[in-house]
Protein chains: 2
Amino acid sequence: MKEVTTLKKISEILNLSISTISRALKDHPEISETTKERVRQLATKMEYVPDANAIQLRTNNSKIFGLLVPSVSYYFYDSFIAAVEEECTKNGYSLLILQSGDDPTTEINHLKLCRQNRITGLFVCITPHTKDVNPFLKLNESGTPVIFFDKVPSYEACNKVCTADVDAARISANAILSKKKKKVLALFGNNHLSITKKRLAAFTEAFEKSKSKPKLVICHALDADEARNITHENLSLKNRPDTIFCMSDEILSGSMKAIQQSGLKVPEEVSVIAISNGFIPKLYYPEVTYAETSGYKLGKLAFTRMMACLSGSTFIQMLSVESVLVEGGSL
Amino acid sequence: MKEVTTLKKISEILNLSISTISRALKDHPEISETTKERVRQLATKMEYVPDANAIQLRTNNSKIFGLLVPSVSYYFYDSFIAAVEEECTKNGYSLLILQSGDDPTTEINHLKLCRQNRITGLFVCITPHTKDVNPFLKLNESGTPVIFFDKVPSYEACNKVCTADVDAARISANAILSKKKKKVLALFGNNHLSITKKRLAAFTEAFEKSKSKPKLVICHALDADEARNITHENLSLKNRPDTIFCMSDEILSGSMKAIQQSGLKVPEEVSVIAISNGFIPKLYYPEVTYAETSGYKLGKLAFTRMMACLSGSTFIQMLSVESVLVEGGSL
DNA sequence: ATGAAAGCGCTAACAA
DNA sequence: TTGTTAGCGCTTTCAT
């Protein structure tokens, strides 16, 4: 059934040794031009494709990266993946993509799968419930670079690339402060996550530093529905907020539903600003103003870091892509 | 640097042959329980992980599927991918994900990459510009099942799984017709794509069959912005449409912007209905009513078909997931 | 119950 | 310029 062309088959037809075929195909200088040509022609005709498994086995060089995310279909990761995949293709690598589903057991199984496939390096966004990052650190120490991205462990000595949480939160806060708002509803996510803590701290700090002090109401929502409910309640108050800040796309999507439901005019009656990857904010009219945390850019950065590690850079560091304010018209 | 545990290393330490180790680890009946236990213990301690490449080389069974899409970060594909990846994990397979970027050259390169990796089977959504599907058909004939999904070639004798385009369009049309609307603006995509043709044909056919005949305005938009402009123009007319149909998520996202801009009340002043994967419609208030074409369900179906092919089912067919109407409140 | 040996497809050092 | 050989890690047939 499955008949594939191998060097051996070509060599038998051409009455040459396997190594000659191998060399001819890699344009080795010691092979005569005539032989090369004959080999190339037949190889093309027989649709020869080298066996990546055999090459890996022989050379111990796999040309495959692993990528472990909670889910591929989630606001941010898809653009991260797109960026990494682009770079992989550009650099002759393949990508083994695995979803943890936010389950630490699956995560560890997937890690094993990566090891089985003898991947060259691993990009990983750990789940919020991952307690033990040692298996990842071990892999890194044993010579397979591990780049943590987005949700990274607090452990110092590892490669981390993150969105500029502090920057993005500060930019958002300052954008609000510059507009002389009276009352701000700030919606944050799960308070156990470091990303929430960082954004919250930077956001409140900016408010405290400022001279003008709008009233600030801080709430936490675990998902879009909760964000929607909280927004709905607040917009129903007699002194409703004139500005809503959402720390993530998920929260923004919930909050926007409540805003649309309220019938209030954006930005005349209520302003909106978010931290986002950019896709969700552009779905509304007016487009939502946001501090960008680009998954795509982060993916490019992660790849660059990976290549540096492979070239021997052992300098371990925390890198981040800077955030910029993208004006939409909602503030 | 990269030190990995192999059967050989274990065998040397235990003073046993490699084959004994191999057998012990697979719980072969002819190995004594004591030996098995010793081997298992050491293997665990040394973190032995079998080399997938060596196994593939030896057994000619790779346990890797290829997945080729235009882009991972696009409305529909991410959920398809999520479904396929879930099933892969459940069944002990890995997934090699590749993006064509809608470029046929990249597509062909990626196909080669899949062959290099000796994948077990391939899921592929061809680009709109793919003229020659022969390389895929050849792969299929040579024993590696190829499942086309979503954008499938018109060629008959191959495995295809699709969303129920005709169903979804008919369901949408009938939902509109049952509401006694007066004037419908129907927005379709690129008219060169078979998906557009199918949906358009089924949609108009349903209208023609019906007794009540609302005025029907059909437009084509190549992207979200164009959909937005067309919607904007139509809503500015003196006799504006009371209903807008969008054949895809991309078109819906553009159209919704214009609707929000108009300030018209949904569904009181203007109704909306779309064909969608479900994510975008749920971002608005009220949620948009849509005929579901689920990427996730399609992924599950594609995987089932793949497994059937691997079990020897050579019965080649076109499968599709049925569409259902999901009521949002916008109609 | 265990071992020896061949071989999957490929590369590379060494020979000729 | 080309061929021979060994070996990457593993499975499996055939001994013992």
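Please read these numbers as outputs of a predicted model, since none were measured by experiment. Proteins come first, then strands; the chains are lettered A, B, ... in the order of their sequence lines, and each starts at number 1.
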[atom1] of [X] versus [atom2] of [N]: gap in Å, rounded?
{"X": "I10(A)", "N": "dC10(C)", "atom1": "CD1", "atom2": "C1'", "answer": "12 Å"}
{"X": "R115(A)", "N": "dC10(D)", "atom1": "CZ", "atom2": "P", "answer": "12 Å"}
{"X": "N15(A)", "N": "dG3(D)", "atom1": "CG", "atom2": "C1'", "answer": "13 Å"}
{"X": "K9(A)", "N": "dC8(C)", "atom1": "NZ", "atom2": "P", "answer": "10 Å"}
{"X": "L57(A)", "N": "dA12(C)", "atom1": "CG", "atom2": "C1'", "answer": "15 Å"}
{"X": "N53(B)", "N": "dC10(D)", "atom1": "CG", "atom2": "P", "answer": "10 Å"}
{"X": "Q56(B)", "N": "dG7(C)", "atom1": "CD", "atom2": "P", "answer": "19 Å"}
{"X": "R118(A)", "N": "dC10(D)", "atom1": "CZ", "atom2": "C1'", "answer": "11 Å"}

Residue met sooner reading DNA chain D from 5', once V49(B) and I18(A) are mapped to nucleotides: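 On the 5' side of the pair lies I18(A).
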So F80(B) and F123(B), would you call those rings parallel, tilted or perpendicular, with 30° and 60° as cut-offs?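 Rings of F80(B) and F123(B): perpendicular, as their planes differ by over 60°.
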Among the candidates [options], find the nucleotide nearest to the side-chain atoms of [X].
{"X": "L7(A)", "options": "dC8(C), dC10(C), dA5(C)", "value": "dC10(C)"}
{"X": "S17(A)", "options": "dT12(D), dC10(C), dT4(D)", "value": "dT4(D)"}
{"X": "L16(A)", "options": "dA12(C), dT2(D), dC10(C)", "value": "dT2(D)"}

Consider only side-chain N and O atoms of [X] and [Y], and report whether a donor and an acceptor are under 3.5 Å apart.
{"X": "D150(B)", "Y": "Y77(B)", "value": "yes"}
{"X": "S22(B)", "Y": "S19(B)", "value": "no"}
{"X": "E47(B)", "Y": "T5(B)", "value": "no"}

Please check: side-chain N/O of N117(A) versus main-chain N/O of I119(A), any donor-acceptor pairing under 3.5 Å?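 No: the side chain of N117(A) does not pair with the backbone of I119(A).
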Ion pair K138(B)/E141(B), N-O distance below 4.0 Å: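 Here K138(B) does not pair with E141(B) in a salt bridge, since their nearest N and O are not under 4.0 Å apart.
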Counting only heavy atoms and a strict 4.0 angstrom limit, can you tell me which residues of residues 21-39 of chain A come near DNA chain D? R23(A), E30(A), I31(A), S32(A), T35(A)
Distance test, side-chain N/O of T20(A) to OP1/OP2 of dG3(D), below 4.0 Å: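 For dG3(D), OP1 or OP2 has a side-chain N or O of T20(A) closer than 4.0 Å.
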What are the two closest heavy atoms between F65(A) and M307(A), and how far apart are they?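 So the minimum-distance heavy-atom pair works out to CZ-SD, 4.3 Å.
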